[in-house]
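Some notes on the structure that comes next.
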Protein chains: 2
Amino acid sequence: MVLDAIDKQIINLLRENGKMNNKEVAGKIGLSVTPTFERIKRLERIGVIQGYTALINRKAIGRDLKVICQVSLKSHEKEGIDVFESAIRELPEVSHAYHVAGATDYMLTIEVANMEVYQDFLKNQLARIPHIGQVNSSFVMSELK
Amino acid sequence: MVLDAIDKQIINLLRENGKMNNKEVAGKIGLSVTPTFERIKRLERIGVIQGYTALINRKAIGRDLKVICQVSLKSHEKEGIDVFESAIRELPEVSHAYHVAGATDYMLTIEVANMEVYQDFLKNQLARIPHIGQVNSSFVMSELK
DNA sequence: AAAAATACAGAATAATATTCTTCGAATAGG
DNA sequence: CCTATTCGAAGAATATTATTCTGTATTTTT
């Protein structure tokens with residue numbers, strides 16, 4: 001999986017605009033459309049480009065509240081970890097979830113309509129997962145990036 | 001900015017695959033291509049769809065280490081906040097940055113090649129920003145979502 | 001040095017996006 | 001209660017883009 005400088009340029013262009021067309025990418029990297037096309041297909045094939053997505057304004061779809069939630073487990077046996085992780089994967093409110101090494105065990109980002117819905121989420125979803133220990137919520141006031 | 005059920009379907013489809021073409025979207029939502037096209041353009045125009053991006057496998061581009069970094073400021077005067085925020089915006093290693101209300105002031109996600117590069121980032125980039133207080137790093141071991 | 005593989009360009013074709021015109025249904029105004 | 005207007009959609013026509021195919025120069029392998 002060797003990427004040369006041109007591949008990296010392509011990646012940067014498609015990160016900025018996932019719908020930039022071949023001709024335009026070709027122009028910017030200084031190649032004709034064919035090798036450009038083939039390079040992009042290769043990047044997709046070998047898994048460097050994992051897909052494309054539309055960036056949605058979450059407030060427009062009624063997800064006004066974003067919360068970073070730090071979770072610790074009570075038990076660190078394999079079973080507890082597996083149960084917790086598969087429960088998290090099923091929750092649509094959770095947009096990202098990382099298993100981390102540090103002060104806590106998991107970092108979750110949660111997106112919900114408002115505080116009331118978040119409270120309901122905590123009480124009726126998160127708190128019901130077995131083995132769960134401490135939960136610490138940080139409410140996003142603004143997104144710099 | 002009123003979204004009906006069809007708009008929400010479109011949003012979900014384009015989130016799964018930002019390059020899904022009009023014809024296919026139209027087929028899935030049960031409309032012909034023209035109104036589908038016009039709805040998508042409208043969603044882009046009014047800012048519900050903010051853009052499109054390629055999803056890149058970060059390990060493929062040599063960013064093997066992901067860190068969630070919690071930062072507190074020493075001073076919470078407006079000036080300190082502004083200086084910190086504009087410094088953060090300039091750092092390419094920082095992929096996301098949130099100003100939060102909670103135990104700390106900022107949550108950053110950092111992507112770098114390895115621990116050595118991270119240490120260098122902490123010492124030579126982050127620690128040099130004026131007004132910075134506590135920094136707490138959590139290293140991502142696995143990504144559930 | 002010959003053979004094979006690689007990377008690219010340009011042309012041809014296939015598929016898709018975009019625009020334009022038209023139609024029918026719902027709604028507001030007279 | 002009828003007519004004008006708006007709205008949402010369909011279908012055809014056109015423009016643009018993606019994809020494939022063919023040929024050539026360059027590099028690598030044997």
Side-chain angles (χ1 to χ4, degrees), chain A residues 1-64 92 95 111 113 145, chain B residues 1-64 92 95 111-114 145:
Chain A
M1 202 199 286
V2 181
L3 306 183
D4 66 14
I6 297 176
D7 291 323
K8 285 174 187 163
Q9 275 186 279
I10 291 174
I11 289 168
N12 287 331
L13 290 169
L14 293 180
R15 251 223 280 244
E16 278 178 47
N17 174 12
K19 273 199 163 172
M20 183 180 290
N21 68 48
N22 248 299
K23 204 174 154 188
E24 198 177 344
V25 175
K28 285 185 192 278
I29 65 178
L31 284 183
S32 69
V33 295
T34 309
T36 304
F37 174 77
E38 279 162 359
R39 277 172 182 268
I40 293 172
K41 288 299 153 196
R42 170 176 169 266
L43 291 172
E44 292 171 357
R45 184 161 24 82
I46 66 179
V48 172
I49 296 175
Q50 296 177 310
Y52 299 88
T53 188
L55 300 169
I56 305 300
N57 178 344
R58 74 184 155 82
K59 297 191 178 171
I61 57 170
R63 304 216 149 185
D64 287 77
S95 50
E111 288 180 12
K145 267 190 182 179
Chain B
M1 204 200 284
V2 181
L3 306 183
D4 66 13
I6 297 176
D7 291 323
K8 284 173 188 163
Q9 275 185 279
I10 291 174
I11 289 168
N12 287 331
L13 291 170
L14 292 181
R15 251 223 278 242
E16 278 178 45
N17 175 11
K19 273 199 162 171
M20 184 179 291
N21 68 47
N22 248 299
K23 204 173 154 187
E24 197 177 345
V25 174
K28 286 184 191 280
I29 65 178
L31 285 183
S32 69
V33 295
T34 310
T36 305
F37 174 76
E38 280 163 359
R39 278 173 182 267
I40 294 172
K41 287 299 154 195
R42 169 175 170 268
L43 292 172
E44 292 170 356
R45 186 162 21 83
I46 67 179
V48 172
I49 296 175
Q50 297 178 309
Y52 299 88
T53 188
L55 300 169
I56 305 300
N57 178 344
R58 73 182 155 83
K59 296 192 178 172
I61 56 170
R63 304 215 148 185
D64 287 77
S95 51
E111 288 179 12
V112 288
N114 55 45
K145 268 190 180 179

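Here the structure is a predicted model, which means the values were calculated and not measured. Labels below follow one simple rule: chain letters A, B, ... track the order of the sequence lines, proteins then strands, and each chain is numbered from 1.
Other residues, nucleotides and ligands place no more than 12 heavy atoms under 6.0 Å from the NZ atom of B:K28. The local environment of NZ in A:K145 is crowded, with over 12 non-hydrogen atoms from other residues, nucleotides or ligands closer than 6.0 Å.
For C:dT16, the OP1/OP2 oxygens have no side-chain nitrogen or oxygen of B:N22 closer than 4.0 Å. Of the side-chain N and O atoms in B:K41, none sit less than 4.0 angstrom from OP1 or OP2 of C:dA17.
Among the nucleotides C:dC8, D:dA18, C:dT16, the one closest to any side-chain atom of A:P35 is C:dC8. In the set D:dA10, C:dT16, C:dC8, C:dC8 carries the atom at the smallest distance from any side-chain atom of A:L31.
Side-chain contact check for B:I61 versus A:R15: some heavy-atom pair is nearer than 4.5 Å. In this structure, the side chains of B:I49 and A:L55 stay at 4.5 Å or more apart for every pair of heavy atoms. Between B:L3 and B:L43 there is a side-chain heavy-atom pair separated by less than 4.5 Å. Within the 4.5 Å cutoff, no side-chain heavy atoms of A:R39 are placed close to those of A:V25.
Between A:K19 atom NZ and A:L14 atom CG the span is 13.0 Å, to the nearest 0.5 Å.
As rounded to whole Å, 5 Å separates atom P of D:dT17 from atom CG of A:N21. The interatomic distance linking A:F37 (CZ) with C:dA11 (C1') rounds to 16 Å, in whole Å. When the P atom of C:dC8 is taken as reference, atom CD1 of A:I40 falls 13 Å away, rounded to whole Å. Going from atom CG of A:D7 over to atom C1' of C:dC8 covers 14 Å, rounded to whole Å. Computed from coordinates, the B:E44 CD to C:dA17 C1' distance equals 12 Å when rounded to whole Å. Atoms CD1 (B:I29) and P (D:dG8) sit 13 Å apart, rounded to a whole Å. Per the geometry, CZ belonging to A:R42 stands 11 Å off P belonging to C:dC8, to the nearest Å.
Summary of the strand contacts: A:V33 and B:I6 both lie near DNA chain D, and taking for each the nucleotide with the nearest heavy atom, the more 5' one is attributed to B:I6. Take the nearest nucleotide of DNA chain D for A:K23 and for B:G30: the residue whose nucleotide is more 5' is B:G30.
Of the residues B:I10, B:I40, B:L13, the one that meets the side-chain contact (heavy atoms from CB on, under 4.5 Å) test with B:M20 is B:L13.
Two end axes, each from the C1' atoms of five base pairs, can be drawn for the helix from C:dA1-D:dT30 to C:dG30-D:dC1; they diverge by 30°, to 10 degrees.
Within 4.0 Å (heavy atoms only), B:R39 reaches sugar-phosphate atoms of the nucleic acid but no base atom.
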Could you write nucleotides 20-25 of chain C as a row of B, S and -, 5' to 3', where a protein heavy atom under 4.0 Å of any base atom gives B, of only sugar-phosphate atoms gives S, and otherwise -?
-> B-----

Evaluate side chain to side chain contact (heavy atoms under 4.5 Å, CB included) for A:K41 paired with A:E44, printing each intermediate quantity in order.
-> CA-CA 5 Å; A:K41 288 299 153 196; A:E44 292 171 357; 3.3 Å; yes

